[in-house]
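Residue numbers start at 1 and run along the sequence shown. Here the structure is a predicted model, which is why all the values come from computation and not from measurement.
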Amino acid sequence: MAYLDRDGVRIFYEATGSGPTVLLSHGYSGTGHMWQGQVAALADRYQVVVWDIRGHGRSDSPTDPACYTEAHTLADMQAILDAVGAQTAVIGGLSLGGYLSLAFHVKHPERVHSLMLFDTGPGFRKAEGREGWNEMARGRARYFRRRGIDSLEGQFEAHGGLHRSAEGLALAAEGILPQADSTVIDSLPGISVPTLVLVGADDKAFLGATDYMASRIPGAVKVILEGAGHVANIDQPERFNQAVGRFLEGVFPAGASRPAD
């Protein structure tokens, strides 16, 4: 495990294994610990990198709201790739982490070898939908300020990861979760890298978004996992790892070398 100093904000990340790099980003109010089952399953063939988004887990929770933006978060992801020596990587994530993966592709397409999008959506084209989402984000901030971190006890988001600050989660909800425009959803038809779109069959809120992304991203592979909800990798870890493994084997055939740095 290691830390990056990002203008005085320490960002936690951990790289395990060797081979082509896979960067996995967690959902809001989760931590990189949620990927422990995937690290164990993939690190014999890939360099699997997990991390904690600012305001979450072992990363710092600065008190300045200006430190929490999508731009800061995408820059953190780029800095992590630099730190582990990966010029390109498989960029994947769940929920907020999946949206950030798409946003990272918009910002740094040259760094993206392929995409893995789990239980997530591409944002909203219409302002009304976006504002509904942003109000939800503001509600999450109010929730954590009122209830504190203890409210996460036993919930899937934490999954063994520890948070330092309820205020950090609140600020992340206000600064990282909101969406400003339709840039990400408009980018889908232009994605030319191999893409896996996976959702739990019981994750009703994201089934439509999954269908939409799979239909708009050229050549996307769609997987629906039965018996899984919003955290498909935890609900059905064996099936999830099988689906991810098949996808990665397809984009990195046996004997293929790590992408050039």
Side-chain angles (χ1 to χ4, degrees), residues 1-2 11-27 30-53 56-58 76-78 80-102 104-105 111-120 156-157 159-161 193-200 210 220-261:
M1 61 180 65
I11 302 298
F12 169 85
Y13 72 96
E14 187 170 26
T16 307
S18 61
T21 298
V22 179
L23 176 66
L24 296 174
S25 299
H26 60 79
T31 74
H33 191 79
M34 71 169 292
W35 300 113
Q36 59 181 345
Q38 287 62 63
V39 173
L42 299 173
D44 62 331
R45 291 157 288 166
Y46 308 97
Q47 178 178 229
V48 185
V49 183
V50 302
W51 68 297
D52 291 346
I53 296 170
H56 293 71
R58 291 152 287 189
D76 292 341
M77 294 167 69
Q78 182 183 30
I80 290 170
L81 292 185
D82 291 342
V84 301
Q87 183 60 37
T88 65
V90 181
I91 306 296
L94 183 140
S95 198
L96 172 61
Y99 180 83
L100 291 171
S101 297
L102 283 168
F104 187 84
H105 178 268
R111 306 297 298 267
V112 181
H113 177 277
S114 43
L115 285 165
M116 299 194 299
L117 311 172
F118 310 129
D119 294 280
T120 191
F156 67 79
E157 291 98 334
H159 193 62
V193 299
T195 302
L196 170 65
V197 184
L198 180 150
V199 68
T210 297
V221 176
K222 183 176 77 171
V223 175
I224 298 178
L225 286 188
E226 296 296 329
H230 187 55
V231 280
N233 67 310
I234 294 172
D235 294 340
Q236 292 290 340
E238 184 174 350
R239 293 179 184 175
F240 182 94
N241 290 342
Q242 288 172 350
V244 168
R246 284 194 297 269
F247 175 75
L248 292 176
E249 288 167 6
V251 297
F252 297 113
S257 62
R258 174 175 173 163
D261 292 341

Within a strict 4.5 Å, meaning less than it, do heavy atoms of the Tyr46 and Val90 side chains meet? no
Starting at CG of Asp52, measure out to CE of Met34 and round the result to the nearest 0.5 Å. 11.5 Å
Set out, in order, the CA-CA distance, both residues' side-chain angles and the distance that settles side-chain contact (heavy atoms from CB on, under 4.5 Å) for Phe247 and Val223, then state yes or no. CA-CA 10 Å; Phe247 175 75; Val223 175; over 6 Å; no
Show the nearest heavy-atom pair for residues Leu117 and Ser101, with the distance to one decimal. CD2-CB, 4.1 Å
Looking only at atom types and distance, does a side-chain atom of His26 sit under 3.5 Å from a main-chain N or O of Ile53, one as donor and one as acceptor? yes
Look only at the side chain of Asp235 and the backbone of Gly229, and say whether a donor-acceptor pair between them is shorter than 3.5 Å. yes
To the nearest 0.5 Å, tell me how far Phe12 CZ sits from Ile80 CD1. 9.5 Å
Test item: Val22 and Met116 side chains (from C-beta on) under 4.5 Å apart, heavy atoms: yes
Heavy-atom closest contact (Gly57 atom, Thr31 atom, distance): CA-CG2, 3.8 Å
Would you check, one step at a time, whether the test side-chain contact (heavy atoms from CB on, under 4.5 Å) holds for Arg111 with Asp82? CA-CA 10 Å; Arg111 306 297 298 267; Asp82 291 342; 2.8 Å; yes
Pairing residues for Phe104 by the ring pair (Phe, Tyr, Trp, His ring centres under 6.0 Å) criterion, not counting sequence neighbours: His108
Apply side-chain contact (heavy atoms from CB on, under 4.5 Å) to residues His113 and Thr21 and explain how you reach the verdict. CA-CA 9 Å; His113 177 277; Thr21 298; over 6 Å; no
Closest non-hydrogen contact found for His56 with Gly30 is CD2-O, 3.3 Å
Ring geometry between Phe118 and Trp35 (parallel below 30°, tilted from 30 to 60°, perpendicular above 60°): tilted
If only atom types and distance count, is the side chain of Asp119 paired as donor or acceptor with the main-chain N or O of Ser95 below 3.5 Å? no
Residues 236-243, side-chain donor-acceptor partners within the protein, below 3.5 Å, at least two apart:
{"residue": "Gln236", "atom": "NE2", "partner": "Gly227", "partner atom": "O", "Å": "3.2"}
{"residue": "Arg239", "atom": "NH1", "partner": "Glu226", "partner atom": "O", "Å": "3.1"}
{"residue": "Asn241", "atom": "OD1", "partner": "Gln38", "partner atom": "NE2", "Å": "2.8"}
{"residue": "Asn241", "atom": "ND2", "partner": "Pro237", "partner atom": "O", "Å": "3.2"}

Is there a donor-acceptor pair under 3.5 Å between the side chain of Thr195 and the backbone N or O of Leu115? no
From Arg246 atom CZ to Leu196 atom CG, the distance as rounded to the nearest 0.5 Å: 9.5 Å
Heavy-atom pair with the smallest gap, counting every atom of Val84 and Ala15: CG1-CB, 4.0 Å
If I take atom CG from residue Leu100 and atom CG from residue Asp76, how far apart are they, to the nearest 0.5 angstrom? 10.0 Å
Decide yes or no on side-chain contact (heavy atoms from CB on, under 4.5 Å) for Trp51 and Leu23, but give the supporting numbers first. CA-CA 8 Å; Trp51 68 297; Leu23 176 66; 3.9 Å; yes
Looking at Val199 and Thr210, what are the two nearest heavy atoms and their distance? CB-OG1, 3.3 Å
Pairwise distance CD1(Ile91) to NE2(His105) - rounded to 0.5 angstrom: 10.0 Å
